[in-house]
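Atom set for the values below is all heavy atoms of this structure, side chains included, hydrogens, waters and symmetry mates excluded. The chains referred to below are lettered A, B, ... by the order of the sequence lines, with proteins before strands, and numbering in each begins at 1.
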Amino acid sequence: MRVAGNAGGLFHLRDGAVIAVDSAGSPGVEVLLLGSVRVSAEDWNAALVESVETGSLQAALIARGHLGPDEIQAVALAAMQDGAFAVAAGDVERCVVEDDTEEPLLPSAEGVAPEVLLADTADRLDAIASLPVPLSPYRDRVVAARGAEPSSAERREIIAHATGRRSARDVAFAIGRSLHSVTVEVSRMLDEGLLEIAPPATAFSFSHWGLPSLRPRTETGQTSGKELHWTTTPWPPNCGSFEKTSPE
Amino acid sequence: MDYDALAAELRKLRENVAGVTDTVLAASDGIPILTDVAKNVEPAHISALAAADLGIARQAAEVIGLGKLNQTVVFGSNGYMAVYAVSRTALMVVLGDNGLNLGRLLHESRPAIERIGSIMAPTAPSTE
């Protein structure tokens, strides 16, 4: 079932059970496994190539000896739950049932009954709503507060990626951890004053180079031959002065 | 040129499509017009690369007979660079992380490009 929206997502079902959820809002199994440093990018790529013939990425990963089936299934389940949360936390425009979709990369072997996944997702949404600082994982972009001294490696990592342009979702992808856990942590860090919601001027940094129009500068008489000069900007353009323009 | 209206379009695109990290509008010869990029992204380089990329993709679409070019996308293990022609004289670059949904991006980009094209049009009359 495809859910159109932002972030939207794709629910893979088999025999009435959900076996995987892919969403642009939450890191999938690939990002989670590579982020956990248990699997190297080389091993992942090699396993992907191998799985094209054998049809099972899980078997290819196990054969490389770094992960057991239980660990892989745990990541597959976590990615599914996080994907369902990511879809529900965003805007949903419509849902379409598709008969013929691609097989998920790493499906959950047993799957989860839709009502169980639904209840679990509702719990996660409630947990986000009752946080000290309610936070939209997509809309709110966060920036490190001045003099913030994070206590753990995990928090240092979040601080390092909180550029003011990134939302909790963007940070989750950058550090390879689940959307839900990063959203909860970011909210706590906002509450403790380690992070701040970025103002629009930080979240969106528009700059323009004073290009007056796209009209060729034929009237200035500076063109030579058949060349068309589309701009009066000095080259390279970033050496000249440029103005900031409001994001609104 | 109405930079505020153009900025509003770029902002909407980044807000409406999860995974979009940076956007650039540039003239089709690779000169940046309006940019919304992270500190580590150099707009002049991206614009020049995108202009070359779009030129090659257009040529390929024409030579192979693929019809009108919709978008050209560079796939990397950590993300994407999508380039769109706005008009004959301008282009739009969208950078995304590895979670970007390309289908969603194309769906949202089409109307945005139409609007961006018409915002740019009044100051760019045809000279041919």
Side-chain angles (χ1 to χ4, degrees), chain A residues 2 4-10 22-28 30-31 34 41 44-45 86 90-91 137-139 163-167 169-170 172-174 179 200 203-216 218 228-231 233 235-239 242-243 245-248, chain B residues 1-4 6-8 10-11 14-23 25-40 42-45 47-48 77-79 86-90 96-105 107-108 120-128:
Chain A
R2 185 175 298 280
N6 191 35
L10 187 59
D22 301 324
S23 172
S26 65
E30 174 176 358
V31 176
L34 293 175
W44 174 265
N45 287 332
D91 300 325
Y138 302 125
R139 277 190 300 277
T163 58
R165 293 177 57 84
R166 289 197 174 108
S167 61
R169 176 254 170 231
D170 300 337
F173 271 89
L179 176 70
F204 297 87
S205 43
F206 289 104
S207 302
H208 72 75
W209 273 257
L211 195 69
S213 78
L214 292 171
R215 193 181 305 143
T218 44
L228 289 179
H229 292 255
W230 296 100
T231 170
T233 313
W235 183 262
N238 53 331
C239 290
F242 62 86
E243 294 172 45
T245 183
S246 153
E248 296 298 339
Chain B
M1 195 158 347
D2 187 348
Y3 290 110
D4 290 345
L6 292 175
L10 294 186
R11 178 181 174 147
R14 191 146 81 85
E15 281 177 334
N16 289 349
V17 185
V20 171
T21 56
D22 312 85
T23 52
L25 286 173
S28 49
D29 59 0
I31 307 287
I33 296 171
L34 181 66
T35 64
D36 171 30
V37 297
K39 287 198 179 84
N40 59 340
E42 173 51 68
H45 296 172
S47 300
S77 57
N78 294 328
V86 173
S87 59
R88 209 175 43 78
T89 52
D97 63 24
N98 49 4
L100 178 72
N101 179 339
L102 275 175
R104 170 97 186 159
L105 176 62
H107 177 75
E108 292 281 325
M120 286 177 162
T123 54
S126 171
T127 53
E128 288 180 295

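Within the 4.5 angstrom heavy-atom criterion, atoms from both the backbone and the side chain of B/N101 approach chain A. Residue contact with chain A, scored on non-hydrogen atoms closer than 4.5 Å, is absent for B/N78. Residue A/R169 touches chain B through its side chain alone, counting heavy-atom pairs closer than 4.5 Å. For chain A, the nearby part of B/T21 is the backbone; its heavy atoms alone come within less than 4.5 Å.
Atoms CG and CZ, from A/D170 and B/R14 in turn, are 8.0 Å apart once rounded to the nearest 0.5 Å. Between the CG atom of B/L6 and the NE2 atom of A/H208 there is a distance of 10.0 Å, given to the nearest 0.5 Å. The distance from atom CZ of B/R104 to atom CG of A/N6, rounded to the nearest 0.5 Å, is 5.0 Å.
Per-residue counts of heavy-atom pairs under 4.5 Å with chain A were compared for B/V17, B/L100, B/T35; the largest is that of B/T35. For chain A, the option among B/G19, B/S77, B/G99 with the highest count of heavy-atom pairs below 4.5 Å is B/G99.
Taking both residues in full, the closest heavy atoms of B/R11 and A/F206 are given as N-CZ, 3.9 Å, listed atom of the first, atom of the second, then distance. Of all heavy-atom pairs between B/A18 and A/A7, the closest is CB-CB, 4.0 Å.
Not one N or O on the side chain of A/S205 forms a donor-acceptor pair closer than 3.5 Å with the backbone of B/A38. Counting only distance, with no hydrogens or angles, the side chain of A/R165 and the backbone of B/D36 share a donor-acceptor pair below 3.5 Å.
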